[in-house]
S.K.: 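First the structure, which I've put down as structure tokens, then a few questions once you've had a look.
By convention in this document, chain letters (A, B, ...) are assigned in the order of the sequence lines, proteins followed by strands, and residues within each chain are numbered from 1. Quantities reported herein were computed from a predicted structural model and do not represent experimental measurements.
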Amino acid sequence: MKPLELYNALLQKYKKQNWWPVTDSGKIAPAYKHREKLSEKQKFEICIGAILTQNTAWKNIEKAIVNLNKAKILECEKISHAKQEKLAQLIRPSGYYNQKAKKIRNFSAYLEKNYSCRTENLFSKPVQELRSELLSLNGIGNETADSIILYAAGKPVFVIDAYTKRLLQRGFGKKQMSYEEAQAFFESQLPKDAELFKEFHALIVEHSKQYCKKHAGCEECFLGKNCAKDM
DNA sequence: TACCAGGTCCTCG
DNA sequence: CGAGGACATGGT
């Protein structure tokens, strides 16, 4: 199964996921329905959400985002100047709250200092520059940087996470791929299309939750044993 | 109870 | 580089 075939199979099974979930009319949309442009505030929220969701279930991040919204603090200027303890309490449900409080403040302070708190200024940079700049920030690694670039900036980079690596390993039987290897693999086999990349990654996550779990059987999986064969 | 969740950083070899 | 530990809540 080639990557594009896998994508089509997953899309047919799970339907469109419309990631990234983002606050819309006061509440977090389970799936981001409308495809019109994201607002500046929503782009910022995605950046924060991408940091908060590190190794944590999304449900917990939703609680944290709701708290930030209720406190009317989910803005670059506010977070960059907020007390760390206050932020930590608000994002408590997201886990690692002390570390993450620093991370989201660090990111906000950087955005404020260098881009007047406007993600669109940051995102106007060439992808390579943007990526290395994000990676230079403490608290932003490969996946978080790419999630921001893809879902907030809307530029086509393929996001690799633990689920994607797991999917690649199963059926492959190949040795573990590094982040860069896995990313290069997908990007070399797919059209460079941000909407496709967004949807594909979201579908892999959904599929991994339902079937391709840590200890999961390929027996029950609708893709069968050869899910990744010949990829 | 124990394990897992849309990782990243730091410290050693 | 790559392995191993720390970081922490909430759901099953």
Side-chain angles (χ1 to χ4, degrees), chain A residues 6-7 10 14 16-23 28-32 42 45-68 84-108 110 131-153 157-170 174-184 186 194 196-217:
Chain A
L6 174 63
Y7 170 75
L10 294 177
Y14 301 108
K16 282 206 89 167
Q17 303 298 304
N18 293 310
W19 270 26
W20 186 283
V22 69
T23 302
I28 296 178
Y32 185 60
Q42 287 173 322
E45 179 181 317
I46 291 174
C47 298
I48 298 304
I51 292 170
L52 293 182
T53 198
Q54 289 168 3
N55 201 40
T56 305
W58 178 255
K59 273 289 173 198
N60 293 0
I61 276 54
E62 285 191 346
K63 295 178 207 282
I65 290 180
V66 167
N67 288 346
L68 292 170
Q84 208 149 121
E85 297 74 36
K86 182 179 182 182
L87 284 178
Q89 282 315 304
L90 289 170
I91 66 171
R92 202 165 196 283
S94 74
Y96 308 130
Y97 50 82
N98 288 315
Q99 289 200 344
K100 285 175 178 173
K102 285 183 193 164
K103 292 179 181 183
I104 63 176
R105 207 177 65 154
N106 184 39
F107 171 78
S108 302
Y110 177 82
R131 188 165 199 277
S132 51
E133 224 173 291
L134 289 170
L135 287 176
S136 75
L137 299 180
N138 190 284
I140 298 187
N142 283 321
E143 186 186 338
T144 307
D146 286 338
S147 293
I148 290 172
I149 295 170
L150 178 62
Y151 290 105
V157 296
F158 203 91
V159 177
I160 303 298
D161 61 358
Y163 289 149
T164 311
K165 286 187 182 172
R166 187 197 297 162
L167 185 74
L168 281 175
Q169 274 184 81
R170 291 192 177 147
K174 285 192 180 176
K175 71 172 198 289
Q176 196 159 18
M177 283 193 192
S178 70
Y179 189 97
E180 286 74 16
E181 287 172 329
Q183 184 173 55
F186 277 105
L196 171 66
F197 287 5
K198 286 182 192 174
E199 196 56 38
F200 203 164
H201 175 69
L203 285 164
I204 288 174
V205 172
E206 185 57 29
H207 179 57
S208 300
K209 285 176 178 170
Q210 294 201 24
Y211 291 95
C212 206
K213 307 179 194 176
K214 203 148 196 174
H215 296 287

S.K.: Mind checking the P distance from C/dA8 to B/dC10? Whole angstroms is fine.
M.R.: 14 Å
S.K.: For A/Asn98 and B/dC9, what is the distance between atoms CG and P respectively, to the nearest whole Å?
M.R.: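 Rounding to the nearest Å, CG of A/Asn98 and P of B/dC9 are 17 Å apart.
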S.K.: Reading DNA chain B from 5' onward, which residue's closest nucleotide shows up sooner: A/Leu135 or A/Lys214?
M.R.: A/Lys214
S.K.: Between A/Ala50 and A/Gly139, name the one whose nearest nucleotide on DNA chain B is closer to the 5' end.
M.R.: A/Ala50
S.K.: Assess the side chains of A/Thr144 and A/Lys103: does a donor N or O sit below 3.5 Å from an acceptor N or O?
M.R.: no
S.K.: Need one value for A/Ile140: base, sugar-phosphate or nothing, where a base atom within 4.0 Å counts as base even if backbone is also close, heavy atoms only.
M.R.: sugar-phosphate
S.K.: Apply the side-chain contact (heavy atoms from CB on, under 4.5 Å) test between A/His201 and each candidate in A/Tyr163, A/Phe186, A/Trp19; give the one that qualifies.
M.R.: A/Trp19
S.K.: Could you check whether A/Glu143 gets within reach of a base, just the sugar-phosphate, or nothing at all, counting any heavy atom under 4.0 Å?
M.R.: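 Sugar-phosphate contact only - A/Glu143 comes under 4.0 Å of backbone atoms but never of a base.
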S.K.: Any side-chain N or O of A/Thr53 less than 4.0 Å from the OP1 or OP2 oxygen of B/dA5?
M.R.: no
S.K.: Just how far, in rounded Å, is C1' of B/dG7 from CD1 of A/Ile104?
M.R.: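 A/Ile104 atom CD1 is separated from B/dG7 atom C1' by 16 Å.
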S.K.: Would A/Lys59 and A/Glu62 pass as an ion pair if we require N to O under 4.0 Å?
M.R.: yes
S.K.: Using side chain to side chain contact (heavy atoms under 4.5 Å, CB included), reason through A/Asn142 and A/Gln183 one step at a time and then give a plain yes or no.
M.R.: CA-CA 10 Å; A/Asn142 283 321; A/Gln183 184 173 55; over 6 Å; no
S.K.: Would you check if there is a donor-acceptor pair between the side chains of A/Glu133 and A/Tyr110 at a distance under 3.5 Å?
M.R.: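 Result is yes, a qualifying pair exists.
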S.K.: Of all nucleotides in DNA chain C that come within under 4.0 Å of a heavy atom of chain A, which is furthest toward the 5' end and which toward the 3' end?
M.R.: C/dC7 to C/dG11
S.K.: How many Å lie between NZ on A/Lys102 and P on B/dT8, as a whole number?
M.R.: 17 Å
S.K.: In whole angstrom, what separates A/Phe107's CZ from B/dT8's C1'?
M.R.: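 The answer, rounded to whole Å, is 16 Å.
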S.K.: Could you go step by step and tell me if A/Asp146 and A/Arg131 meet the side chain to side chain contact (heavy atoms under 4.5 Å, CB included) rule?
M.R.: CA-CA 7 Å; A/Asp146 286 338; A/Arg131 188 165 199 277; 2.7 Å; yes
S.K.: How many whole angstroms separate atom CG of A/Asn60 from atom P of B/dA5?
M.R.: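 Rounded to the whole Å, the gap is 13 Å.
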S.K.: Using a cut-off of strictly less than 4.0 Å, decide whether A/His215 has a side-chain nitrogen or oxygen near OP1 or OP2 of B/dC3.
M.R.: no
S.K.: Using a heavy-atom cut-off of under 4.0 Å over every strand shown, decide if A/Gly141 touches base, sugar-phosphate, or nothing.
M.R.: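 Sugar-phosphate: the residue A/Gly141, judged by heavy atoms under 4.0 Å, touches backbone atoms but no base.
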S.K.: Round to the nearest Å and state the distance from A/Asp161 atom CG to B/dC4 atom C1'.
M.R.: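 Rounding to the nearest Å, CG of A/Asp161 and C1' of B/dC4 are 14 Å apart.
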S.K.: Between A/Arg166 and B/dC4, is there a contact of a side-chain N or O with OP1 or OP2 at under 4.0 Å?
M.R.: no
S.K.: Between A/Glu143 and A/Tyr179, is there a donor-acceptor pair closer than 3.5 Å when you use the side chain of the first and the backbone of the second?
M.R.: no
S.K.: So do the side chains of A/Met177 and A/Lys165 get within less than 4.5 Å of each other, counting heavy atoms only?
M.R.: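 No, too far: nothing below the 4.5 Å cut-off.
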S.K.: Taking atom P of B/dC4 as reference, at what distance in whole Å does atom NZ of A/Lys209 sit?
M.R.: 16 Å
S.K.: Mind checking if A/Leu137 touches a base, just sugar-phosphate, or nothing, with heavy atoms under 4.0 Å?
M.R.: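 Sugar-phosphate only.
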S.K.: What's the CG-C1' distance between A/Asn138 and B/dC10, to the nearest Å?
M.R.: 10 Å
S.K.: Across the strands shown, which category fits A/Ala162 at heavy-atom distances under 4.0 angstrom: base, sugar-phosphate, nothing?
M.R.: sugar-phosphate
